[in-house]
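Structure, as structure tokens:
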Amino acid sequence: MNWKFTLPRIGAALIALIGISMLIFAIARVMPGDPARIALGPNATEEQVATLRAERHLDAALPVQYWEFVKALSRGDLGRSLYTNRPVTTDIAQFLPATLELVLVSVIIMVVVGLPLGALSAHFRGRFPDHLGRLIALLGICTPAFVWGVILQLVFGYFYPIFPIEGRLLESTPVPPTVTGFYLIDTLLSGNLSAFGDALHHLILPATALALAGIGQTARLTRSNMIEVYAKPYVEMASAYGFRPWRIATRYAFRPAFIPTLTILGLECAAMLGNAFLVEKVFGWPGISRYGVEVIIRKDLDAIVGTVLIIAAAFLIMNILVDVLVSIINPRIRLSQRKS
Amino acid sequence: MAAPSAPAGGNKPRSKALAAFFGNPLSVLGLAIVTVIVLLSVFADWLTPYPEHVGPIGDFAAMNMPPDETYRLGTDTMGRDLFTRIVYGYQLSLIMAVVVLSIATPVGVVVGLVAGYKGGWIDYALMRITDIFLAVPPLVLAMAIMGFLQPTLMNGMLAITAMWWPWYARLIYNVTRAEAQEGYVLAAETVGASTAHILFREILPNCWPSILTKMTLDIGFVILMASSLSFLGLGVQPPTPDLGSMVAEGAKYMPDAWWLSVWPAIAILIVVLGFNLVGDGLREAFEAES
């Protein structure tokens, strides 16, 4: 681990996170309407509203309110959701793993499908597999995740009912004891293989819908990078030596082409956190995104601020991880950073 | 794509760029899609078969009709012609995209130019603010803003604009940083040109190709974002025809009335695809020009 490279990135991410908390906090408080009244609804009495205002320091100046919020946050307290009537942290702990599991499976699909697709396109440049690959990539990029969700659900859920349409498990499958909240892991830990299969079965459609945009982007970038590498003299030399095309593709062209792709993999993972909102709605996936939409529609202030913060944190962590990973694979980036 | 198409007359960069654009069948396809959609939207009142179906009610005798001779794409739960509503949905989407970009682009470009040219603490402060907006998935930020506002067309555009300008700031910042080292900027500085002159007369013209390409691509992506918001119920409210909410509404009647959500879904795909193809074509054309 290269701390000189990593620490400034963590610092910048922390600044961004503080900024985001101020921004979302300010938006939540500046918006028209009395947050306490909105939260309690039209039937609440004046006293109830006044009590809530006092409890949440809503009458204090904005910086004072923010300070109270930060103090509470440092105790691990994000306030109370009025929708579930539980601490926001409890809600997040319950709903976040489902979303992370969905996003992680999508990332795996994106890498396993997107990279080879781009590599094949480059290898068969200008021929049929290339055209097909680029068409798939383009469709992936141009179609919102919810459109894919609806289409996949219609085709593979209704017309050819191969996959379940919604939820994480069949009703007949017992929910595994919570260890990580990832059903794929929890079912394995409890030794219930059929439940594992069921969880996987439920994941495939939503994860594919979520992965398609990323598949498009990675395939596109891998293709153009590999075409660039194919033009390099050392590849020409390798083919002059009579190396087989397969060996040239896998050993010489793919690796350097992979590094710039890795950078946008981070961006794509982050985009998936946002798009999960759409896919979770289509597939009734009980994750943080569905929770986020519910609390936004109900104007549940603490819950909205908490959800946005936790998603921003996940987003920033993903980006740092990718940056560090890239620097490990490609020493030139590390070195150029040190010089400047 | 890179195959040199027949160079049309002369070596003027402009004609090279035109040849590069029209030499690629995909760019031409994109341009055709965009042209048709723009014409349909502008002349929607004359070109749609049932312009009165834009409101809350249609023909109650023809509810949930599958695609047939009278209703080419079928009707919705209120007996309204889907084709008509999709065209008006396009109209709304295009208006949103144009408004969002005509605010977000200048703001982002100015921030990027100033931060990239001035450097120092101005650079640091402006770019850290930009980073804050880039530190949340765009959809999530737009949703959160919408959550506190009334779901109207105006507020939807506001929320999308708020998360769109940072991308232009980033792009122009990078271009400006590179351009600021060039000889022509130094020359302008030496003869004592004002900062405003250097930013807008010297550096900005060199940013135009990047800006135009990105704006074309972004018309599609703003439409995608707006439809995502309204799919979640955070966009324009009924009865205004909106592609995203049409998909969401139709999904409730799957699979029997599949046309309710499939056509609007495909309509979104087509418009984003069209602007993407044109954007890619423009990028190649600008590369051929230089």
Side-chain angles (χ1 to χ4, degrees), chain A residues 12-13 15-20 22-24 27-28 30-33 125-126 134 138-139 141-151 153-154 157-159 165 227 270-278 281-282 289 292-293 295-301 304-305 307-308 311-312 315-316 319, chain B residues 1-3 26 127-151 162 217 220-221 223-225 227-229 231-234 243-244 247-248 250-251 254-256 258 261-262 264-277 280:
Chain A
I15 294 177
L17 201 58
I18 294 170
I20 255 303
M22 286 179 177
L23 179 75
I24 189 71
I27 293 173
V30 166
M31 290 301 169
R125 188 179 177 190
R134 291 172 68 195
L138 200 59
L139 286 178
I141 294 168
C142 295
T143 315
F146 68 87
V147 167
W148 282 126
V150 167
I151 292 175
Q153 202 178 43
L154 188 67
Y158 290 117
F159 291 168
I165 321 160
I227 284 175
M272 279 181 188
L273 273 177
N275 284 333
F277 278 77
L278 304 165
K281 172 162 175 172
V282 176
S289 316
V293 175
V295 297
I296 282 175
I297 288 172
R298 289 177 168 76
K299 301 204 186 297
D300 189 343
L301 289 185
I304 299 176
V305 174
T307 310
V308 172
I311 287 181
F315 187 100
L316 289 166
N319 277 323
Chain B
M1 177 165 71
L26 283 178
M127 293 326 281
R128 287 295 82 72
I129 293 173
T130 310
D131 281 349
I132 290 172
F133 285 87
L134 297 177
V136 203
L139 180 64
V140 178
L141 186 55
M143 281 177 60
I145 297 177
M146 279 309 278
F148 299 113
L149 297 169
Q150 292 304 315
L217 292 169
F221 290 130
I223 293 177
L224 200 154
M225 177 67 61
S227 66
S228 301
L229 274 180
F231 175 78
L232 293 171
L234 295 167
L243 299 174
V247 177
M254 292 266 251
D256 304 314
W258 55 267
S261 49
V262 167
I266 291 178
I268 299 171
L269 194 167
I270 292 175
V271 66
V272 184
L273 184 72
F275 281 104
N276 242 276
L277 291 175
D280 281 348

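By convention in this document, chain letters (A, B, ...) are assigned in the order of the sequence lines, proteins followed by strands, and residues within each chain are numbered from 1. Small disclaimer: the values here were computed from a predicted structure and weren't measured.
One distance of note links CH2 of B:Trp258 with OH of A:Tyr158; it measures 15.0 Å at 0.5 Å rounding.
Contacts of B:Phe275 with chain A are absent, with no heavy-atom separation under 4.5 Å from either backbone or side chain. Contact annotation for A:Leu23: only side-chain heavy atoms (C-beta onward) come within less than 4.5 Å of a heavy atom of chain B. For A:Phe315, the part lying near chain B is the side chain, with the backbone staying farther off; criterion is any non-hydrogen pair under 4.5 Å. Residue contact with chain B, scored on non-hydrogen atoms closer than 4.5 Å, involves the backbone and the side chain of A:Ile20 alike. For A:Ile141, the parts lying under 4.5 angstrom from a heavy atom of chain B are both the backbone and the side chain.
With chain A as the partner, the residue from B:Pro264, B:Ser261, B:Gly220, B:Ser227 showing the most heavy-atom pairs under 4.5 Å is B:Ser227. Between chain B and the residues A:Leu278, A:Val282, A:Val147, the largest count of heavy-atom pairs under 4.5 Å involves A:Leu278. Of the listed residues (B:Leu26, B:Asp280, B:Val262, B:Leu269), the one with the most heavy-atom contacts under 4.5 Å to chain A is B:Leu269.
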Name the atoms and distances for all side-chain donor-acceptor pairs under 3.5 Å in residues 129-146 of chain B, with sequence neighbours left out.
unit_1, atom_1, unit_2, atom_2, d
B:Thr130, OG1, B:Leu126, O, 2.8
B:Asp131, OD1, B:Arg170, NH2, 3.1
B:Asp131, OD2, B:Arg128, NE, 3.2
B:Asp131, OD2, B:Arg128, NH2, 2.9

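Here A:Phe146 pairs with B:Phe231 under the ring-ring contact (aromatic ring centres under 6.0 Å, His included) rule; sequence neighbours left out.
Tested against A:Cys142, the residues B:Leu273, B:Ile268, B:Val271, B:Ile270 include a single side-chain contact (heavy atoms from CB on, under 4.5 Å) partner, B:Leu273.
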